Student: 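I am attaching a structure below and will ask some questions about it afterwards.
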Amino acid sequence: MDPVLKEIYSLVLPAAPYVLAAYGILWIGLFGYVTVVLRRLGKIEAELRIVEEALARRA
Amino acid sequence: MPEGGSSTYAVEIEGLVRAFGARKALDGVSLTLPAGAFLSIFGPNGAGKTTLLRVLTTLTNPSKGTARIAGLDVVKDAVELRDRIGLISHNPLLYPDLSAQENLEFFAEMYGVEDPAARVHDLLTAVELDHRRLDLVRTFSRGMLQRLSIARALLHRPEVLFLDEPYSGLDPHAADILDSLIASVRAEHTFVMVSHDLAKGLELCTHALILAKGRVVLFEPRENIDPDAFAATYRSTVGMGVA
Amino acid sequence: MAMDRNRLTFAAVVVGGLLTTVAFVLAFFVAAPVLANNTLTAGGGALIGGKLITNPVLFSQKIFFFHVPVAITSFVIFFFTAFYGVRFLMTKDKRFDTKARIATEITLVFVALTMITGDIWTRYEWGTWWVWEPRLTTYFIMMMLVIVYFVLRASIEDEERRAVYASAFGILAFLDAPLSFAITRIVPSGAHPVVLRAGGGLDAVQLGGFLIGLAGMLCFGYAIYQLRIREETAKERLEVLKASLEG
Amino acid sequence: MAETATAAPKRSSSWRQFKAILRKDIVMELRTKEMLSSMTLYTLLTLVIYQIALSQSGSGFDIRLIAAGLVWLAFVFTSMLGLNRSLVHEKDQGCLEALLLAPVDRPVIFFAKAVGNLIFLLIVEVVTVPIFAVAFMSGRPIAGPFWMLVLSAFVGSLGIAGVGTFLATMAVNARGGSFILSVLFIPLMYPALLAAVAGSSAVVLGGEGYAATFWQAVGMGAGIDAIMLLAVFALYEFVVGA
C-alpha cells in the first residue's frame, strides 16, 4: 500500500468500531429513554381517562 | 397599622390557606380571638392543628390569607412578633447538656431580656426549680422538664402563649403542677392550646375550635357550648383524614 | 394551551430527529475527516474521491459531532435545575420543584450518554478507559452531584422540605460545576501527560454539522422534558382524582 | 409602626445573639467533649489506616508527595463527624425550633454555628498535624515557611465549616443523616478541597516557583470559599425553616 494512503487510513480503520459503537449507544440510549417515557405516558393517560369517566358517571 | 401591638384581638386569622401542591393542610381558616382569651384547638390527626400553630408562631408561612397575632402580621412582622409569643410544646425545647440556669440565661440573651439574672432567678423560683438550677437538664424528670420549659416560654413576658399538647407524656402529678402554673399566669397572657384531651381543653378554655381537613368545623365561645353536643361534633370529625 | 404544548413537543421531536440526521450525514459523509493543523509525516498527499488529502484522516474526530452536543445539552438542562430551584424558593409553588426534578433527571440521562460516548472515545484515543484529566474529572464530579440530588430527595420524608432542600442543593450544584472546571484547569493536577491530540481548526462544513447536531440535540432535550412534564402532570392529576373518588 | 417599636420590649442585638449561640456551643462541647474527643480519635484511627496503606511502599517512597493530601483527607472525614454532631444536638429536644422561635435573624444562627464548627475543626487540625509530622514525616522538613501551611489550612477549613454547616442542617432532617452529609459534602467540596491540597502540597514540596503555585491555589480556594459561602448564606434561611 502506498505509504501516504497507509498513514491516512491508519487513523480511520482502528477508530471506526469505537466511534460507531459510541454513536449506536447514544441513539439506543436516547430512543430507549423516549420510548419508555412514551409508554408510561400512554398508560397513565389511559388510566386518567378511566378515572375521569368514573367521576363523570358519579356526577 | 393603627392599633399596633395593643390590638384588642390577640389573634386575627383571615382566609388562611396552607397548601403544597394539591394537598391542603389548612383550607381557608378565619377567626378572631379577643385578647386575654384561652383558645383550645381540637381535631383529629392531620386536621391541620400543628400547621395552624406553626403558621401562628411564624415557623411556617401561609400560602394564602393573613394572620395577625397581637396586631402583628405573621409574615411581614415575623421578627417583632417572635418577641411577643412563647411556645410550650410537648418537646421541652431545652439543651440537655446545659444546666437549668444556663438554658434560661441563653434564651434570655436571645430575647434580649432586661436584667436577665434577676428574671431567670424569679422564674426558677416560680417553677420550683431554684434548688436544681445548677443541674444539667439531662438529669431532669419529665415533669421538671415541662416546668423549666414553661419558665423558658415566659422569660420574655410574651403576650400570647402557644401550647402544643402540653399534657402529653405527663403523669397526673406533673399535670397538676402544670395546671396550677397555667392558672397562676392565666391573667397575664392570651392562650392558644392544641389538645387531644377534650375534658381538659374545655375546662380551661374561653373559646373552642374544632378543625377537620384544614377547615373550621366549629368555633364558639365557651358559654355557647354544650359539652355533650360538642363531644358529638368532635367525634364526628375523628377519622376524617387530610383532604 | 396544553394542546399547543403538545404540538410543540411533537414539532421538537420531528425537528430534533431531522437535524440530528442531517448532522449525522454531514459528519460521516460530507465533512472532511481531517483537521487543518495536522500534516502527514510521509509528505505530499493522496487523491481520495477526487480530493487531494494532505492531512491525516482522523475518524475518531467524528465523535465530536454527537458527543459534544450531548454534553452541551446536559449543561443547558442542568441550568434549569438551578433556575427552577430559585423559582421554587421564591414562590414555594410545587410545580417548579417538579420542573427542577425533571430537568435534573434529563440532565442525568444526557450526562450518562456523554460519559459513555466519551469513554469509548477515550479508550481508543488514549488507550485507557479512564484518566483523571481535568475535563473528565470535572464532568465526573458533575455526574456525582446530579446523582446525589436524587439521593437527597429519596432520603427526605416531608414533601415540602424535600422540595426546599433539593432546590437549594440544585442551585449549589450548578454553581459548583463551573468552579470544579476552573480549578482543575488552573491548579496543575500532578504529573500526568497532556494527551489531547489535535486542537481546533474546524472548517465551515465541520462547524455547520456540529451546530446542526447541537440544535437537534437541544430540540430532543426540550421534547423529552415536555414529555416528562406531561407525564408528571397526568400522574398528579390522577392522584387527585383517585383521592376524590375514594373520599 | 413606630408606636409598635417603642411598645415592644428591647430586642437583643444580632451580635449578642451570635455570641450567645457560640458560647453555648463551646460550653456544651467543653462539658461533654463529645465532638472533640470523637473527632481526634477518628483522626488518629485514620493515621493508623494510612500506616496500613503505606506499609508496603518501601523506604524509597517520598511521603511528602502525598502528605498534604493525606492530612486533608483525614480532616475531611473527621469534619463530617463533627459537623453532623453539631446539628444533631440542636435537633435533640427540638432546640432548633426554640432558636427559630426567638427573634433572631436566621443568618446569625448560621454564622454562629459555622464559626463554632470552624473553631472545633481548627483545634482538631492543631492536634493532627504534629502527630502526622512525627508519625510519617520523620526528619523530612517542609520546604516552605510554616505560616503558609497555616494559611492554606485556614482557607480550606473556612469552606469546610461554612458549606458543611449548611449541608449538616439538611442532613439532620434526612434519613441516614451522616451518610447523606458525606454524600452531599464530598462532590460539592471538590473544588475547595483540590485548592486546599494544591496549596498545602506546594508548601510541603517546595521546588521552583512553589510560591506562585501556592498563591494561585490559595487565591482560588479563597475565591471558591467566597462564592460558596455567599450562596449558602443566601439559601440558609430557606433550609433552616423548612
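To find a chain, count down the sequence lines: A is the first, B the second, and so on, and within it residues start at 1. Bear in mind the structure is a predicted one, so any value in this text is a computation, not a measurement.
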Student: If you take all heavy atoms of Ala20(D) and Met110(B), which pair is closest and at what distance?
Tutor: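 Looks like CB-SD, 4.2 Å.
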Student: Please determine whether a side-chain nitrogen of the Lys or Arg among Glu105(B) and Arg23(D) lies less than 4.0 Å from a carboxylate oxygen of the Asp or Glu.
Tutor: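 No.
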Student: Asp97(B) and Arg31(D): which non-hydrogen atoms are nearest, and at how many Å?
Tutor: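 So the minimum-distance heavy-atom pair works out to O-NH1, 2.9 Å.
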Student: Side chain, backbone, both or neither: which part of Arg54(B) has a heavy atom under 4.5 Å from chain D?
Tutor: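 Looking at Arg54(B), just its side chain touches chain D.
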Student: For atom CZ of Arg132(B), is the number of surrounding heavy atoms from other residues, nucleotides or ligands below 6.0 Å larger than 12?
Tutor: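 Yes, enclosed.
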Student: CG of Leu101(D) to CZ of Phe107(B): how many Å apart, nearest 0.5 Å?
Tutor: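 Those atoms lie 9.0 Å apart.
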Student: Does the pair Asn91(B) and Glu97(D) meet the rule for a side chain to side chain contact (heavy atoms under 4.5 Å, CB included), with working shown?
Tutor: CA-CA 10 Å; Asn91(B) 223 349; Glu97(D) 200 156 290; over 6 Å; no
Student: Counting only heavy atoms closer than 4.5 Å, note whether Leu81(B) contacts chain D via side chain, backbone, both or neither.
Tutor: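 No part of it gets close to chain D.
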Student: Nearest 0.5 Å, please: how far is CG in Leu98(B) from NE2 in His89(D)?
Tutor: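 Here the interatomic distance stands at 8.5 Å.
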Student: Please say whether more than 12 non-hydrogen atoms of neighbouring residues, nucleotides or ligands are located less than 6.0 Å from CZ in Phe233(D).
Tutor: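 Not buried by this count: 12 neighbours or fewer within 6.0 Å.
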Student: Take atom CD in Glu14(B); do more than 12 heavy atoms of anything else shown fall under 6.0 Å from it?
Tutor: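 Not buried by this count: 12 neighbours or fewer within 6.0 Å.
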Student: Looking only at non-hydrogen atoms, find the nearest pair between Pro103(D) and Asp83(B) and report the distance.
Tutor: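 Pro103(D) and Asp83(B) have their closest heavy atoms at CG-OD1, 3.5 Å.
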Student: Of all of Lys19(D), Glu34(D), Gln93(D), Glu90(D), which one pairs up most often with chain B through heavy atoms under 4.5 Å apart?
Tutor: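 Option with the greatest count: Gln93(D).
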Student: Non-hydrogen atoms of chain D under 4.5 Å away: do they reach the side chain of Ser149(B), the backbone, both or neither?
Tutor: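 Neither part; nothing is under 4.5 Å.
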Student: List the atom of Arg152(B), the atom of Ala98(D), and the distance in Å for their closest heavy-atom pair.
Tutor: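 Minimum heavy-atom contact is NH1-CB, 4.5 Å.
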Student: If you count the non-hydrogen atoms of other residues, nucleotides and ligands that lie under 6.0 Å from CD in Glu165(B), is the total more than 12?
Tutor: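 Correct, the count exceeds 12.
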Student: Let me confirm one number: the CE-CZ distance from Met28(D) to Phe106(B), rounded to the nearest 0.5 Å.
Tutor: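 Met28(D) CE to Phe106(B) CZ: 9.0 Å, rounded to 0.5 Å.
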